[in-house]
Amino acid sequence: ITKEELAKHDGNQTKELWLSIMSQVYDVTAGETYYGNGGPYRVFVGRDASVPFITGGFNETEANRPILDLNPHQLMNLEGWAEFYQKEKKYKFVGLLVGEIYDENGNTGEVYDEIHRRIKEAKVEEEKRKQKQKEIREKRKLEDAEKARKRALGETQQMQDGVEQP
């Protein structure tokens, strides 16, 4: 699908509403309340809306930014949105957008490779972050258990001290 063809499916030139995320085009006409005229996601239709999905900049400037402006973590989140559209039955897959990610034969190139390299990097970093959080939680549990043990020992000692020895 060319950018020109995608642009025609903006709800004005045709009744159909198409959007592209990560250069995968979906018919979102079933969600006209959201994507049609006056809808909060109107800026998404008729173009690749990858950047606005993540930045929240629902305007023309954001909609025209290249996908590689996004950092690895943002690209990982974008991949999650792409998966949403892939799984959502009411939004039908239409085709691939020719341009940044896919050529006219549906082949990928350097941009695709770079996106997925960055996503992999973000997933590794996310896993490291989760592991670090887990270690911190486990350390706190051990510290809390040690404090409780010392309190219990102190209370036991106090009780023993309060009892007369024969």
Considering all heavy atoms, the nearest [X]-[Y] contact:
X: Leu96; Y: Val25; result: C-CG2, 4.4 Å
X: Ile67; Y: Leu78; result: CD1-CD2, 3.6 Å
X: Val51; Y: Pro66; result: CG2-O, 3.6 Å
X: Ala63; Y: Val43; result: CB-CG2, 4.4 Å
X: Pro52; Y: Gly57; result: CB-O, 3.5 Å
X: Arg118; Y: Leu75; result: CD-CD1, 3.6 Å

For side-chain contact (heavy atoms from CB on, under 4.5 Å), just list the numbers for Lys150 and Lys147, CA-CA rounded to whole Å, side-chain angles, deciding distance to a tenth of an Å, and then say yes or no.
CA-CA 5 Å; Lys150 286 180 179 179; Lys147 287 177 186 175; 5.8 Å; no

If the condition is side-chain hydrogen bond (donor to acceptor under 3.5 Å, both in side chains), which residues does [X] pass it with, not counting sequence neighbours?
X: Arg129; value: Glu126, Gln133
X: Glu79; value: Lys123
X: Thr55; value: Glu62
X: Glu121; value: Arg117

Gln74 vs Asn77, test: side-chain contact (heavy atoms from CB on, under 4.5 Å). Steps then yes/no.
CA-CA 5 Å; Gln74 290 173 318; Asn77 288 336; 5.6 Å; no

For the residue pair Tyr41 and Phe44, does the interplanar ring angle fall in the parallel (under 30°), tilted (30 to 60°) or perpendicular (over 60°) class?
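Aromatic pair Tyr41/Phe44 classed parallel.
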
Using modelled atom types and a 3.5 Å cut-off, is there a donor and acceptor pairing between side-chain atoms of [X] and backbone atoms of [Y]?
X: Gln24; Y: Ile21; answer: no
X: Arg47; Y: Lys3; answer: no
X: Arg65; Y: Thr61; answer: no
X: Asp10; Y: Val45; answer: no
X: Ser50; Y: Met22; answer: yes

Path from [X] to [Y] over hydrophobic side-chain contacts below 4.5 Å:
X: Phe53; Y: Trp18; result: no
X: Ile101; Y: Tyr26; result: yes
X: Leu68; Y: Ile119; result: yes
X: Leu97; Y: Phe93; result: no
X: Leu70; Y: Tyr112; result: yes

Please step through side-chain contact (heavy atoms from CB on, under 4.5 Å) for the pair Glu5 and Thr2, ending with a clear verdict.
CA-CA 5 Å; Glu5 184 178 1; Thr2 64; 3.4 Å; yes

Donor-acceptor pairs under 3.5 angstrom involving side-chain atoms of residues 29-36: please list them, not counting sequence neighbours.
unit_1 : atom_1 : unit_2 : atom_2 : d
Thr29  : OG1    : Leu17  : N      : 2.8
Thr29  : OG1    : Asp27  : OD1    : 2.5
Tyr35  : OH     : Tyr85  : OH     : 2.3

Residues which pass salt bridge (charged side-chain N to carboxylate O under 4.0 Å, His left out) with Lys128, listed by chain and number, not counting sequence neighbours:
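Glu125.
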
More than 12 heavy atoms of other groups within 6.0 Å of Glu110 CD
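Atom CD in Glu110 is not crowded, with 12 or fewer foreign heavy atoms closer than 6.0 Å.
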
Could you walk me through whether Tyr102 and Thr108 pass the side-chain contact (heavy atoms from CB on, under 4.5 Å) check?
CA-CA 5 Å; Tyr102 299 99; Thr108 60; 3.5 Å; yes

